[in-house]
Amino acid sequence: MASCAASSQGPVAPELLDKARSQGSVLVIVTLRVPAGAPAAAVQAAKQSLLAEIASTRHRVVRELAGLPQIVLEASHDTLRILSSSSTVLRIDESIPDPPTR
């Protein structure tokens with residue numbers, strides 16, 4: 001599917017914010033702050049909490065990774081700014097699609 005690139009020092013690297021501003025949005029993998037071994041219900045609750053935080057921003061859920069504390073978003077600059085200050089977010093990585101191989 002995609003690889004992770006440019007893991008940020010804080011939740012969002014400044015370069016990623018700049019890219020979202022210039023392109024309108026970026027594809028990111030958001031890793032949520034949940035305890036290791038958390039039950040699926042706790043992971044889902046964290047995802048719903050996160051989506052409620054960014055509800056007023058321009059974003060699109062690309063993929064919810066069932067059972068994993070990650071969600072793939074197409075995120076605007078405003079979305080990234082909210083994600084960067086969210087206590088629910090552990091890490092944000094840019095998702096760069098791998099080109100098809102033959």
Side-chain angles (χ1 to χ4, degrees):
M1 180 186 119
S3 62
C4 293
S7 181
S8 55
Q9 297 90 354
V12 180
E15 302 82 30
L16 194 54
L17 285 167
D18 292 342
K19 189 173 182 179
R21 185 178 304 124
S22 67
Q23 295 182 357
S25 66
V26 290
L27 193 61
V28 294
I29 302 169
V30 181
T31 302
L32 304 173
R33 188 180 309 278
V34 295
V43 172
Q44 190 60 32
K47 288 179 183 179
Q48 292 306 313
S49 174
L50 179 74
L51 292 174
E53 286 183 62
I54 62 172
S56 65
T57 67
R58 191 172 49 80
H59 70 279
R60 179 175 66 93
V61 176
V62 175
R63 179 177 229 171
E64 282 199 49
L65 303 171
L68 297 175
Q70 294 177 314
I71 188 166
V72 181
L73 299 173
E74 185 177 299
S76 68
H77 180 266
D78 289 339
T79 303
L80 289 176
R81 288 177 55 84
I82 290 173
L83 291 173
S84 71
S85 64
S86 173
S87 62
T88 308
V89 175
L90 177 63
R91 187 176 74 231
I92 300 168
D93 298 293
E94 183 174 10
S95 177
I96 302 173
D98 292 329
T101 57
R102 294 182 182 220

Reported CG-to-CG distance for the pair Leu73 and Leu50, which is rounded to 0.5 angstrom: 6.5 Å

Any chance you could measure His77, atom NE2, to Leu16, atom CG, to the nearest 0.5 Å? 9.5 Å

Nearest 0.5 Å please: distance from the NE2 atom of His59 over to the CD1 atom of Ile71. 7.5 Å

Atom pair CG (Leu90) and CD1 (Ile92), whose distance is rounded to the nearest 0.5 Å: 10.0 Å

Give a yes or no on whether the backbone of Thr88 and the side-chain of Arg33 come within a donor-acceptor separation of less than 3.5 Å. no

Shortest non-hydrogen separation from Leu80 to Ala20 and the atoms involved: CD1-CB, 3.6 Å

Rounded to the nearest 0.5 Å, how far apart are CD of Glu94 and CD of Glu15? 10.0 Å

Between Glu74 and Val62, the two heavy atoms sitting closest are N-CG2, 3.8 Å

Thr79 and Val28, any side-chain heavy atoms less than 4.5 Å apart: no

Within the distance-only criterion (no hydrogens, no angle test), does the side chain of Arg58 pair as donor or acceptor with the backbone N or O of Ser25 below 3.5 angstrom? no

Taking every non-hydrogen atom, the tightest pair across Pro69 and Val34: CB-CG2, 3.4 Å

To the nearest 0.5 Å, how far apart are CZ in Arg81 and CD1 in Ile54? 15.0 Å

Salt bridge between Asp18 and Arg21, side-chain N to carboxylate O under 4.0 Å? yes

